[in-house]
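The next block holds one structure in the form of structure tokens; read it before the comments.
Each chain gets a letter, A, B and so on, in the order the sequences are listed, and its residues count up from 1.
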There are 2 protein chains.
Amino acid sequence: MPEMSLEDRARVFSALSDPTRLRLVEILASEEELCGTQIAHRAGISLALLSHHWKILSDTGVVKRERRGQKQFCRLDRDALESAFALVWPRSRIQTKL
Amino acid sequence: MPEMSLEDRARVFSALSDPTRLRLVEILASEEELCGTQIAHRAGISLALLSHHWKILSDTGVVKRERRGQKQFCRLDRDALESAFALVWPRSRIQTKL
DNA sequence: CAAATAGTTAAACAACTACTTGACTATATG
DNA sequence: CATATAGTCAAGTAGTTGTTTAACTATTTG
């Protein structure tokens, strides 16, 4: 993540601003990777609704997806989060450099 | 910040999800404290619009305000941010304990 | 009290968002 | 090819949000 505009940083926070999506992200924060069906099941939502939120999380760069066969595996992109958090939460950037 | 519900954490991110408000927060992240007129001037917005966004930032706990005479001084509440970020960005909590 | 500074509030509008349902596409397997 | 699994997409509805304008309140100072 070289540079993110104010709008792009706001879009990352917007991706985290819905309880359903925040739950998805928090689930992913505690796992290496999960496929769509697993995520939907853990979050207790339909696949259609996951697909809707998944697109938003992907478009904003909060998660990365990779197709393997029928399934798509998903993981957090911590660099994107860090870029968005940097100016609000400087400590995270400074301290992760340790 | 003892415990924050999923909804409350989402509300913090929602407070940061608008470019205008994110700018306000980033301005405050680089200063000890500022009064409303200073903030509005730096952000290039009207006082009426600041007041609208200021309420959202206060209600979600992202900033704390204190009246001194005519002016209200405002500063970030980093504990509230940390509580919201914790499950998404575990490193910030762990590392700030160092 | 009068005037200036600092901030609030309500109304109105346009734009956006989450969710459900049902039909659709893609990949793997028997 | 048929079936099952995995996920997408479009349409519709209901609710929310950001901004402007203009009038209003609160506090300080002359």
- Task: Kindly say if B:Ser46 contacts the phosphate of D:dT19, meaning a side-chain N or O under 4.0 Å from OP1 or OP2.
- Result: no
- Query: Base, sugar-phosphate, or nothing for B:Ile45, non-hydrogen atoms under 4.0 angstrom?
  - Reply: nothing
- Task: Can you tell me the distance, in whole Å, between the CZ atom of B:Arg67 and the C1' atom of D:dT28?
- Result: 11 Å
- When rounded to whole Å, the NZ to P distance for the pair A:Lys55 and C:dC16 reads 15 Å
- Measure from the side-chain heavy atoms of A:Leu49 and tell me the nearest of D:dG18, D:dG7, C:dT20. C:dT20
- Query: For the pair made of CG in B:Leu47 and P in D:dA23, what is the distance, rounded to whole Å?
  - Reply: 17 Å
- Query: Rounded to the nearest Å, what distance is computed from the NZ atom of residue B:Lys71 to the P atom of nucleotide C:dA4?
  - Reply: 18 Å
- Message: At less than 4.0 Å, is any side-chain N or O atom of A:Arg21 found next to OP1 or OP2 of C:dA18? Yes or no.
- Response: yes
- Classify the ring geometry between A:Phe85 and B:Trp89 as parallel (under 30°), tilted (30 to 60°) or perpendicular (over 60°). perpendicular
- Item | Rounded interatomic separation in angstrom, taking CD from A:Gln72 and P from C:dA28 | 12 Å
- Task: Let me know the distance between CZ of B:Arg68 and C1' of C:dT5, rounded to the nearest Å.
- Result: 17 Å
- Starting at the 5' end of DNA chain D and moving along, which residue's nearest nucleotide shows up first, A:Gln70 or A:Leu50? A:Gln70
- Contact under 4.0 Å: A:Arg65 side-chain N or O vs D:dT8 OP1/OP2: yes
- Note on the structure: Rounded to the nearest 0.5 Å, the CG atom of A:Leu87 sits from the CZ atom of B:Arg23 at a distance of 9.5 Å
- Could you tell me the separation between the CG atom of B:Leu24 and the P atom of D:dG18, rounded to a whole number of Å? 12 Å
- Task: Taking only the side-chain nitrogens and oxygens of A:His53, find out if one of them lies under 4.0 Å from OP1 or OP2 of C:dT17.
- Result: no
- Query: Which atom names give the shortest non-hydrogen contact between B:Thr60 and B:Ala15, and what distance separates them?
  - Reply: OG1-CB, 3.5 Å
- Query: Under 4.0 angstrom, heavy atoms only, what part of the nucleic acid is B:Ala48 near: base, sugar-phosphate, or nothing?
  - Reply: base
- Message: Below the 4.0 Å mark, does D:dT19 have OP1 or OP2 next to a side-chain nitrogen or oxygen of B:Thr20?
- Response: yes
- Contact class for A:Ser51 vs. all strands (heavy atom < 4.0 Å): base, sugar-phosphate, or nothing? base
- B:Met4 to B:Ala84 - nearest heavy-atom pair and separation: SD-N, 4.0 Å
- Approximate separation, where rounding is to 0.5 Å, of A:Lys64 NZ and A:Leu28 CG: 13.5 Å
- Can you find a side chain N or O atom of A:Gln38 that sits less than 4.0 Å from OP1 or OP2 on D:dA6? no
- Message: Considering every strand and a 4.0 Å limit on heavy-atom distances, what is the contact class for B:Ile56: base, sugar-phosphate, or nothing?
- Response: sugar-phosphate
- Taking NE2 from A:His52 and P from D:dC9, how many angstroms apart are they, rounded to a whole number? 13 Å
